[in-house]
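Reading through the structure tokens given below for one structure.
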Amino acid sequence: QVRLVESGGGLVQAGGSLRLSCVASGSIGTPGAMVWYRQAPGKQRELVAGVTSGGTTRYADSLEDRFTVSRDNAKNAIYLQIDSLKPEDTAVYYCAARQRRDGGKIPSGQDFYDYWGQGTQVTVSS
């Protein structure tokens, strides 16, 4: 059984930083794309950023350069550094992974990803 476990969320003041982590365990081998989504209250879940096993990255067009995604293949882990946090970053952040390696593909469609974590809450106070 494959599990994805996120950590690193919390309550922070605007202007602060957070580093989210997600570790995949179980029979997943080296996953293909690993990604971060977020879902703000009353909004749809949206892709934030992702990275393939080969190191190709993708960021949502709407995001500023405050987000940095990285990955450690040896640990089957993906990270999301968020700097200069804003209240509008408040959301539940989910990681997801694709079992198969598909080259540099990091689609935004949620159906592409096989496994999901339970999410970690990020709350930014003004």
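The two residues T30 and S53 have their closest heavy-atom pair at CG2-CB, 4.1 Å. The two atoms that bring V23 and A77 nearest to each other are CG2-CB, 4.1 Å, heavy atoms only. Across every non-hydrogen atom of C95 and I78, the tightest pair is CB-CG2, 4.3 Å. The shortest non-hydrogen separation linking P107 to L47 is O-CD2, 4.1 Å.
Here Y115 contributes atom OH and Q1 contributes atom CD; the two are 10.0 Å apart, rounded to the nearest 0.5 Å. Distance CZ/F67 to OG1/T57: 14.5 Å, rounded to 0.5 Å. Atom OH of Y113 and atom CD1 of I106 lie 6.5 Å apart (nearest 0.5 Å). Interatomic distance, CD of Q99 versus CD1 of I28, reported as 5.0 Å (0.5 Å rounding). Residue L4 holds its CG atom at 13.5 Å from OH of Y94, rounded to the nearest 0.5 Å. Remark: C22 SG to W36 CH2 distance equals 5.0 Å, nearest 0.5 Å.
Using a distance-only test at 3.5 Å, with no hydrogens or angles considered, no donor-acceptor pair links the side chain of E6 to the main chain of L20.
Cluster annotation: L18 and L11 are assigned to distinct hydrophobic clusters (Ile/Leu/Val/Met/Phe/Trp/Tyr, side-chain heavy-atom contacts under 4.5 Å, transitive). A continuous path of hydrophobic side-chain contacts links M34 to L63 [ILVMFWY only; heavy atoms under 4.5 Å]. By the rule that hydrophobic residues join a cluster once side-chain heavy atoms approach within less than 4.5 Å of another member, Y79 and V69 end up as members of separate clusters. In the hydrophobic clustering of this structure, Y59 does not group with V35; members are Ile, Leu, Val, Met, Phe, Trp, Tyr whose side-chain heavy atoms approach within less than 4.5 Å, directly or through other members.
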Identify each donor-acceptor pair in which a side-chain atom of residues 80-92 lies under 3.5 Å from a protein atom, sequence neighbours left out, and give them as a table.
{"residue": "Q81", "atom": "NE2", "partner": "D83", "partner atom": "OD1", "Å": "2.8"}
{"residue": "D83", "atom": "OD1", "partner": "S17", "partner atom": "OG", "Å": "3.0"}
{"residue": "K86", "atom": "NZ", "partner": "E64", "partner atom": "OE1", "Å": "3.2"}
{"residue": "K86", "atom": "NZ", "partner": "E64", "partner atom": "OE2", "Å": "2.8"}
{"residue": "D89", "atom": "OD1", "partner": "R38", "partner atom": "NH1", "Å": "3.1"}
{"residue": "D89", "atom": "OD1", "partner": "R66", "partner atom": "NH2", "Å": "3.1"}
{"residue": "D89", "atom": "OD2", "partner": "R66", "partner atom": "NH1", "Å": "2.8"}
{"residue": "D89", "atom": "OD2", "partner": "R66", "partner atom": "NH2", "Å": "3.3"}
{"residue": "D89", "atom": "OD2", "partner": "K86", "partner atom": "N", "Å": "2.8"}
{"residue": "T90", "atom": "OG1", "partner": "P87", "partner atom": "O", "Å": "2.9"}
{"residue": "T90", "atom": "OG1", "partner": "V124", "partner atom": "N", "Å": "2.9"}

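Considering only residues two or more places apart in sequence or on other chains, Y37 meets the ring pair (Phe, Tyr, Trp, His ring centres under 6.0 Å) condition with W116. For the salt bridge (charged side-chain N to carboxylate O under 4.0 Å, His left out) test, residues two or more places apart in sequence or in another chain that qualify with D102 are R98, R100.
Using a 4.5 Å heavy-atom cutoff, the side chains of R71 and P31 are in contact.
Around atom CD of Q118, no more than 12 heavy atoms belonging to other residues, nucleotides or ligands sit under 6.0 Å away.
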